Amino acid sequence: KDAIGSHKAPISCVSMPVMMEMGLGMLEGACKYGRHNYREIGVRASVYVDACFRHIAAFWEGESIDPDSGVSHSTKALCCLAVLRDAEIQGKLSDDRPPKSPAGWLQVNNELAQQIIERYPNPPPAYKAAA
């Protein structure tokens with residue numbers, strides 16, 4: 001069993017506390033909209049990308065917990081991505097993304113970032129939230 005099982009997709013590499021928190025986030029969605037509703041009705045990409053970024057923005061701006069659910073904003077963002085990915089896998093994604101950007105646009109920006117960093121080798125320390 002070891003020889004065969006050790007070459008299959010592992011779940012043991014995934015954090016169980018995070019999985020349980022995702023379960024809570026998905027439970028909230030199930031209670032509000034119906035369990036696995038997204039598999040039946042489909043998903044519009046922009047809706048879940050927008051929701052994901054709202055949760056990330058709230059986290060980044062210092063709000064760790066979603067006041068509506070009590071679940072962390074980072075977990076809620078993961079749930080958005082899970083639904084988005086499931087819709088892709090199930091063929092239920094309504095792809096309303098904008099037209100593609102030219103190939104290499106991210107690499108160009110990364111190279112510019114590197115040039116800026118090299119131009120300022122000793123930046124002042126970042127300001128952080130008070131502990």
Side-chain angles (χ1 to χ4, degrees):
K1 183 75 175 171
D2 276 5
I4 295 170
S6 63
H7 289 82
K8 294 184 178 180
I11 196 70
S12 61
C13 293
V14 180
S15 166
M16 289 300 122
V18 172
M19 291 273 291
M20 293 300 113
E21 286 188 5
M22 284 183 69
L24 293 173
M26 298 301 282
L27 174 63
E28 180 191 20
C31 291
K32 288 169 76 173
Y33 309 113
R35 194 167 137 204
H36 297 112
N37 69 307
Y38 50 90
R39 280 196 176 174
E40 186 63 30
I41 63 174
V43 166
R44 192 159 37 107
S46 63
V47 171
Y48 283 84
V49 169
D50 288 346
C52 181
F53 276 98
R54 284 192 298 270
H55 286 295
I56 290 170
F59 165 81
W60 191 248
E61 291 299 323
E63 184 179 87
S64 295
I65 304 298
D66 177 20
D68 294 335
S69 65
V71 176
S72 75
H73 281 295
S74 55
T75 298
K76 298 288 287 274
L78 288 170
C79 291
C80 292
L81 292 173
V83 170
L84 190 64
R85 181 62 187 134
D86 189 77
E88 285 182 292
I89 291 168
Q90 303 299 330
K92 290 290 194 169
L93 182 69
S94 175
D95 190 348
D96 63 344
R97 292 178 289 180
K100 288 182 181 180
S101 294
W105 69 268
L106 184 56
Q107 182 61 33
V108 168
N109 284 281
N110 287 340
E111 290 168 3
L112 287 171
Q114 185 63 38
Q115 290 171 20
I116 292 168
I117 291 166
E118 289 170 359
R119 196 174 311 129
Y120 301 96
N122 298 306
Y127 288 90
K128 298 179 187 175

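Note that the structure is a prediction, hence the values are computed from the model and not measured.
From Lys76, atom NZ reaches atom CG of Leu78 across 12.0 Å, with rounding to the nearest 0.5 Å. Note: Lys32 NZ to Asn37 CG = 11.0 Å, rounded to the nearest 0.5 Å. Here CG of Asp86 is found 4.0 Å from CZ of Arg39. Values are rounded to the nearest 0.5 Å. Note that OG of Ser74 is 7.5 Å distant from CD1 of Ile65, once rounded to the nearest 0.5 Å.
The 12-atom threshold is exceeded at CZ of Arg119, counting heavy atoms of other residues, nucleotides or ligands nearer than 6.0 Å.
Side-chain atoms of Asp96 come within 3.5 Å of backbone N or O of Ser46 as a donor-acceptor pair.
Using a 4.5 Å heavy-atom threshold, the side chains of Met19 and Ile11 count as touching. With a 4.5 Å cut-off on side-chain heavy atoms, Pro67 and His73 count as touching.
Closest approach of Trp105 to Pro102, counting heavy atoms only: CD1-O, 3.2 Å. Of all the heavy atoms in Cys79 and Gly25, the pair that sits closest is SG-CA, 3.8 Å.
A donor atom on one side chain and an acceptor atom on the other are found under 3.5 Å apart for Gln107 and Glu111.
Hydrophobic clustering (ILVMFWY, side-chain heavy atoms < 4.5 Å, transitive): Met26 and Val43 are in one cluster. Tracing side-chain contacts under 4.5 Å through hydrophobic residues (I, L, V, M, F, W, Y), one reaches Leu84 starting from Val47; they form part of the same cluster. The cluster map of Ile, Leu, Val, Met, Phe, Trp and Tyr, joined by side-chain heavy atoms under 4.5 Å apart, puts Tyr48 and Met22 in different clusters. Residues Val49 and Val83 share a single hydrophobic cluster, defined by chaining ILVMFWY side chains whose heavy atoms lie under 4.5 Å apart.
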For residues 87-94, which side-chain N or O atoms pair as donor and acceptor with protein atoms under 3.5 Å away, sequence neighbours left out?
residue, atom, partner, partner atom, Å
Glu88, OE1, Arg85, NH1, 3.3
Lys92, NZ, Glu40, O, 3.2

